[in-house]
Amino acid sequence: MAPSYLDSIAYFTHFLTAYTHTLLSLRNLYPRATFLTSRFHNTSVYQSRHPAVCEWITDAIAAVRTELLAGSVAKIAIVIYWYGGAEAQGSPKVLERFLLDVSRFPVVEKAERNVEMEWEGADDQDEDDDDDDDDEVDRDQGHDEEGADRRQKHMTQPTDADVPVDMSEQFRAALVTLTTRCSQLKPLPKNCSFNISMELKDESDIDPPVGHPQPWIPVQPNLQKAGRKGADGTKEQSRKEGQDLGGVRTTPIRTVEAGVFRFESWIEEAKAKFDLDHTPKSSFASSGYQKA
């Protein structure tokens, strides 16, 4: 049975949660002793044990999910920045951005989000099985109580328990490749932290996620796409607009094709990261909107 749109979004956000926790451990943003090792999609991942970190990530990804359901997100970025020591001046400096391009996610109306989704032609086998349906009606009716028990059990299952095999393998490959790519990166300096940000689609009917309560705040002009609606500012801001997007070095992680979902992931290393080798200075946050 193909997963519904809501199922697929849940699978992705669970993956994004594991991806974020694992990334924080691999980049040593917190002491390794504060992480547990676990299994997710049949590979090793890390999970922070600090309640405040766990709560922040959970809230951030819940806010991302809201925008994904609205179909407004082009990219999601986990941003690592350097805020310096007591001698540091100015804004924090972005060092690395771990991006996921989700612009090709399907946009589904609210009334259809519980409908099963799959590519055309993927239901050929289902049609072959329809001939046997009548023979199984009585047997299926006899399993109603058993089905209710399975649904109750599902509520306590691991978050990767019912993910379709092809999707699970794709998520696993992305997590494995993330570990490999992070091992090839230069160690980060002290005094680093992270944030989660979004870049919105360039469409006239998509408005920034502002209001009350406001989980997102605009990022700095140097990480805003040039010419984005509502990005008016001074001449100095216009000059700096988007100048730090793309970084100076890009490392691909993986293109994931899971069910009807397609996304690409990669790493951008910013100029400030290489400048720190010579002068202790840096830049901040992400693309579009960042978690407040």
Side-chain angles (χ1 to χ4, degrees), residues 16-17 19-32 34-35 46 48 50 52-61 63-64 73-101 178 181-200 209 214-225 228 231 237 240-251 253 265-292:
L16 184 59
T17 301
Y19 194 90
T20 304
H21 280 270
T22 299
L23 174 56
L24 299 184
S25 178
L26 294 173
R27 299 308 286 139
N28 294 308
L29 289 183
Y30 301 100
R32 188 58 63 90
T34 64
F35 289 88
Y46 295 95
S48 175
H50 196 291
V53 174
C54 293
E55 181 180 4
W56 192 95
I57 293 173
T58 299
D59 289 347
I61 292 179
V64 169
V73 186
K75 296 183 181 72
I76 301 165
I78 303 164
V79 183
I80 296 176
Y81 61 90
W82 180 79
Y83 55 85
E87 77 290 349
Q89 297 180 354
S91 299
K93 309 291 186 182
V94 168
L95 303 185
E96 297 170 353
R97 297 202 307 155
F98 291 76
L99 288 113
L100 297 95
D101 185 340
L178 173 68
R181 295 290 184 261
C182 285
S183 69
Q184 299 167 346
L185 297 174
K186 180 180 176 181
L188 294 168
K190 294 181 179 179
N191 302 319
C192 285
S193 189
F194 80 103
N195 213 324
I196 292 177
S197 68
M198 302 181 306
E199 179 180 309
L200 303 181
Q214 184 172 330
W216 300 98
I217 58 175
V219 300
Q220 293 169 298
N222 60 324
L223 288 166
Q224 291 278 6
K225 288 188 69 175
R228 177 158 189 86
Q237 287 175 327
K240 292 182 176 180
E241 196 173 64
Q243 67 180 14
D244 286 341
L245 292 175
V248 296
R249 179 184 296 170
T250 301
T251 304
I253 296 178
S265 55
W266 68 92
I267 306 166
E268 291 179 359
E269 296 177 83
K271 182 176 181 292
K273 179 179 179 180
F274 302 98
D275 289 346
L276 281 176
D277 291 339
H278 311 290
T279 345
K281 274 198 172 178
S282 284
S283 164
F284 180 49
S286 107
S287 118
Y289 281 78
Q290 68 189 23
K291 186 70 174 67

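Just so you know, these numbers use all the heavy atoms, side chains as well, and skip hydrogens, waters and symmetry mates.
- Side-chain contact between Glu199 and Leu99 is absent, with no heavy-atom pair separated by less than 4.5 Å.
- The local environment of CD in Glu55 is sparse, with at most 12 non-hydrogen atoms from other residues, nucleotides or ligands closer than 6.0 Å.
- Test Thr58, Leu29, Leu24, Thr34 against Val53 for side chain to side chain contact (heavy atoms under 4.5 Å, CB included) and you get one pass: Leu24.
- The OG1 atom of Thr250 sits 11.0 Å away from atom CD1 of Ile253, with the distance rounded to the nearest 0.5 Å.
- Atom-to-atom distance recorded for Leu185:CG and Ile267:CD1 is 4.5 Å, nearest 0.5 angstrom.
- The minimum heavy-atom distance linking Phe98 with Cys182 is given by the pair CE2-SG, 3.9 Å.
- Side-chain atoms of Tyr19 and Ile76, non-hydrogen and from C-beta on, never get closer than 4.5 Å to each other.
- Proximity of Leu23 to Phe194: side-chain heavy atoms (C-beta onward) are nowhere separated by under 4.5 Å.
- Taking each heavy atom of Cys54 and Ser48 in turn, the nearest pair found is SG-O, 3.0 Å.
- Contact detail for Lys186 and Glu96: the closest heavy-atom pair is O-OE2, 4.3 Å.
- Qualifying side-chain contact (heavy atoms from CB on, under 4.5 Å) partners for Ser25, counting only residues two or more places apart in sequence or in other chains: Arg32, Phe35, Tyr46.
- Partner of Glu268 under the side chain to side chain donor-acceptor pair (under 3.5 Å) criterion, out of Arg97, Lys273, Arg249: Arg97 alone.
- Within the 4.5 Å cutoff, the side chain of Pro189 has heavy atoms near those of the Leu95 side chain.
- Remark: the backbone N or O of Lys190 is paired with a side-chain donor or acceptor of Trp82 at under 3.5 angstrom.
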